[in-house]
Number of protein chains: 2
Amino acid sequence: MASKDPQVLLRKGPLEPRIDRDLFEPPYYQLANILRRQIATGELRPGDRVASEVQLCERYAVSPMTARRALTILLDEGLVTAARGRGTFVKPMVLGTASFGLGALEELFNGEHTLVRFLSVKTMPATARISQRLEVPVDDRIIAIRRLLLRDAAPVAYHREYVIFDPARPIIEAEMGITSLQGLFQGSGETVLKRGDLGIQTTVLTEEEARLLEAPIGSAAFRVEHTFFDFDEQPVSWGWFIVRGDCLRFNATVGVQSPAASGR
Amino acid sequence: MASKDPQVLLRKGPLEPRIDRDLFEPPYYQLANILRRQIATGELRPGDRVASEVQLCERYAVSPMTARRALTILLDEGLVTAARGRGTFVKPMVLGTASFGLGALEELFNGEHTLVRFLSVKTMPATARISQRLEVPVDDRIIAIRRLLLRDAAPVAYHREYVIFDPARPIIEAEMGITSLQGLFQGSGETVLKRGDLGIQTTVLTEEEARLLEAPIGSAAFRVEHTFFDFDEQPVSWGWFIVRGDCLRFNATVGVQSPAASGR
DNA sequence: TAGTGGTCTAGACCACTTA
DNA sequence: AAGTGGTCTAGACCACTAG
């Protein structure tokens with residue numbers, strides 16, 4: 001649509017942004033930003049066709065790969081869809097494509113004033129549920145860890161974790177180190193863990209949780225469950241965080257980011 | 001580490017996977033899978049250096065761009081980090097990189113058996129809070145919508161939304177169409193909405209919410225707040241979903257996906 | 001048949017790191 | 001100085017879509 005506009009086709013110099021090759025930003029990045037801005041300002045609306053690769057090459061004097069790379073960025077960001085043989089089109093805002101990260105949780109844990117207090121570390125026989133999650137026989141000895149996370153001396157999260165106890169696998173210590181939480185988020189150098197499954201649910205505080213978190217019973221809280229696997233695809237650790245609901249909020253954006261030109 | 005292994009350096013034929021050019025999967029994709037599998041099996045461990053681009057070119061007989069593209073995929077997936085002048089290295093599993101999609105929410109709403117029931121649609125003067133969120137004067141007339149989402153006739157979510165009412169801007173109807181929720185997730189063709197901000201919190205059901213959702217007062221629930229903006233960067237709609245906690249769970253995986261070779 | 005995106009080639013130069 | 005990733009060039013062929 002916008003590409004059929006005579007102004008655009010005639011390419012009136014001063015109106016058209018250019019690629020500045022002396023800039024710090026590489027050309028593919030500048031071009032991606034130009035297109036992103038056109039989408040953001042509504043110059044290109046959902047459903048409109050974006051200029052084809054060849055057109056972009058001519059218009060901005062870049063090589064095909066550079067134009068393509070810019071389009072790929074928008075594609076990855078979910079701002080456009082590409083249809084072979086037809087063209088590239090601006091996507092309407094789709095809620096389902098939004099995603100949020102654990103950044104909010106990480107901040108909660110990695111802040112300057114955050115402290116981890118071990119409440120208990122002991123071995124115990126696996127209950128039915130634990131044996132199921134860790135794929136070990138019932139009554140196998142496992143390690144149970146309870147931690148409290150405090151920020152500015154105020155409790156924000158309660159962590160329970162069950163770790164496989166296998167003298168043949170010297171995982172325990174490593175695991176203990178990793179799950180001391182500093183490393184969990186930042187990536188603690190060498191790790192025996194290959195993969196983790198995470199789930200976020202809501203819950204209300206039980207009596208025990210309420211007492212530890214110094215919040216009323218029945219308060220809203222997040223429950224972040226995690227299962228970690230080693231390189232043999234064996235579960236190594238299962239546990240969950242109970243985070244006070246008033247301390248955590250996950251954010252996401254869908255559509256075009258407003259001012260910032262944040263790369264991936 | 002693994003790349004210093006003589007076996008690998010000597011490149012014993014049968015052990016080394018090859019790129020099959022007759023396959024449906026393009027070479028860059030095959031190569032990415034080969035490397036991903038090496039990471040998954042532990043052949044390449046966190047901290048290990050991945051073969052350099054040139055090495056990959058020689059070893060698998062592909063062009064630099066193809067090797068690079070495979071590495072870029074792993075880079076985007078967060079499996080490796082690249083350091084100019086040093087090499088590409090396998091990243092340890094990092095929790096902070098986990099990303100949760102709103103697919104779970106979408107499924108909840110877009111299922112076959114999902115029904116939207118309007119509870120009320122009316123105009124009202126903006127309260128202080130509404131005026132703040134929608135950036136309109138207090139007591140400006142706005143539209144208030146209350147909806148109930150039912151899945152298999154069972155209520156799963158309660159939706160409240162406040163929409164700007166401006167006769168000059170024919171947004172209302174379009175907005176009404178969009179926010180009838182079918183379109184919100186799927187992307188309803190042409191849209192006046194440019195951007196949306198989302199926030200996810202936990203809460204417990206109030207008396208009203210509990211009644212509508214047919215769940216006990218004080219049950220755990222998600223609160224998904226949303227603000228939508230038009231192409232003038234003006235807020236157009238503010239509202240939130242209250243979703244029964246037992247109907248929704250966000251999932252994510254961090255590290256290497258186990259068996260599937262899922263592309264982006 | 002012409003245009004499009006998807007993929008690929010076979011190089012190149014640069015900035016950076018390491019030795 | 002050698003090796004690395006980051007970027008870019010100037011093409012190419014293919015499968016697909018649309019007129």
Quiz item: Relative to the ring of B:F100, is the ring of A:F100 parallel (under 30°), tilted (30 to 60°) or perpendicular (over 60°)?
Solution: parallel
- Query: Looking at A:S52, does any N or O in its side chain come under 4.0 Å of the phosphate oxygens OP1/OP2 on C:dG3?
  - Reply: no
Q) For D:dT4, does OP1 or OP2 lie under 4.0 Å from any side-chain N or O of B:T88? A) no
Paired with B:T88, the side-chain contact (heavy atoms from CB on, under 4.5 Å) test is passed by just one of B:V50, B:L35, B:D48, namely B:V50
Could you check how far [atom1] of [X] sits from [atom2] of [N], rounded to whole Å?
{"X": "B:F24", "N": "C:dG6", "atom1": "CZ", "atom2": "P", "value": "13 Å"}
{"X": "A:R68", "N": "D:dC14", "atom1": "CZ", "atom2": "C1'", "value": "13 Å"}
{"X": "B:L75", "N": "D:dG6", "atom1": "CG", "atom2": "C1'", "value": "11 Å"}
{"X": "B:L31", "N": "C:dT9", "atom1": "CG", "atom2": "P", "value": "11 Å"}
{"X": "B:E25", "N": "C:dT7", "atom1": "CD", "atom2": "C1'", "value": "14 Å"}
{"X": "B:I73", "N": "C:dG6", "atom1": "CD1", "atom2": "P", "value": "14 Å"}
{"X": "B:E58", "N": "C:dG11", "atom1": "CD", "atom2": "P", "value": "13 Å"}
{"X": "A:M65", "N": "D:dA10", "atom1": "CE", "atom2": "P", "value": "13 Å"}

Residue whose closest nucleotide on DNA chain D lies nearer the 5' end, A:A61 versus B:G87:
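Nearer the 5' end of the strand: B:G87.
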In terms of the nearest nucleotide of DNA chain D, which residue is placed more toward the 5' end: A:P64 or B:E53?
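Upstream on the strand: B:E53.
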Nearest to the side chain of [X], heavy atoms from C-beta on, is which of [options]?
{"X": "A:S63", "options": "D:dA10, D:dG5, D:dA18", "answer": "D:dA10"}
{"X": "A:R84", "options": "C:dT9, D:dA15, D:dT9", "answer": "D:dA15"}
{"X": "A:Y28", "options": "D:dT7, D:dG5, C:dG5", "answer": "D:dT7"}

Residue pair A:A83/B:R86 against DNA chain C: nearer the 5' end by closest nucleotide is A:A83
Residues A:E233 and A:R195 bridged, charged N to O under 4.0 Å: yes
Hey, does the side chain of A:R45 reach the backbone of A:G42 with a donor-acceptor pair shorter than 3.5 angstrom?
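The answer is yes, because a donor-acceptor pair under 3.5 Å joins these two groups.
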Sole candidate of A:R59, A:R69, A:R68 that passes salt bridge (charged side-chain N to carboxylate O under 4.0 Å, His left out) when paired with A:E53
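Of the listed residues A:R59, A:R69, A:R68, the salt bridge (charged side-chain N to carboxylate O under 4.0 Å, His left out) partner of A:E53 is A:R68.
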With a non-hydrogen cut-off below 4.0 angstrom, is A:R69 in contact with a base, only sugar-phosphate, or nothing?
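Answer is sugar-phosphate: A:R69 comes under 4.0 Å of backbone atoms only.
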So what's D:dG19 paired with, Watson-Crick or G-U wobble, going by both distances under 3.5 Å?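 By the stated definition (distances under 3.5 Å), nothing pairs with D:dG19.
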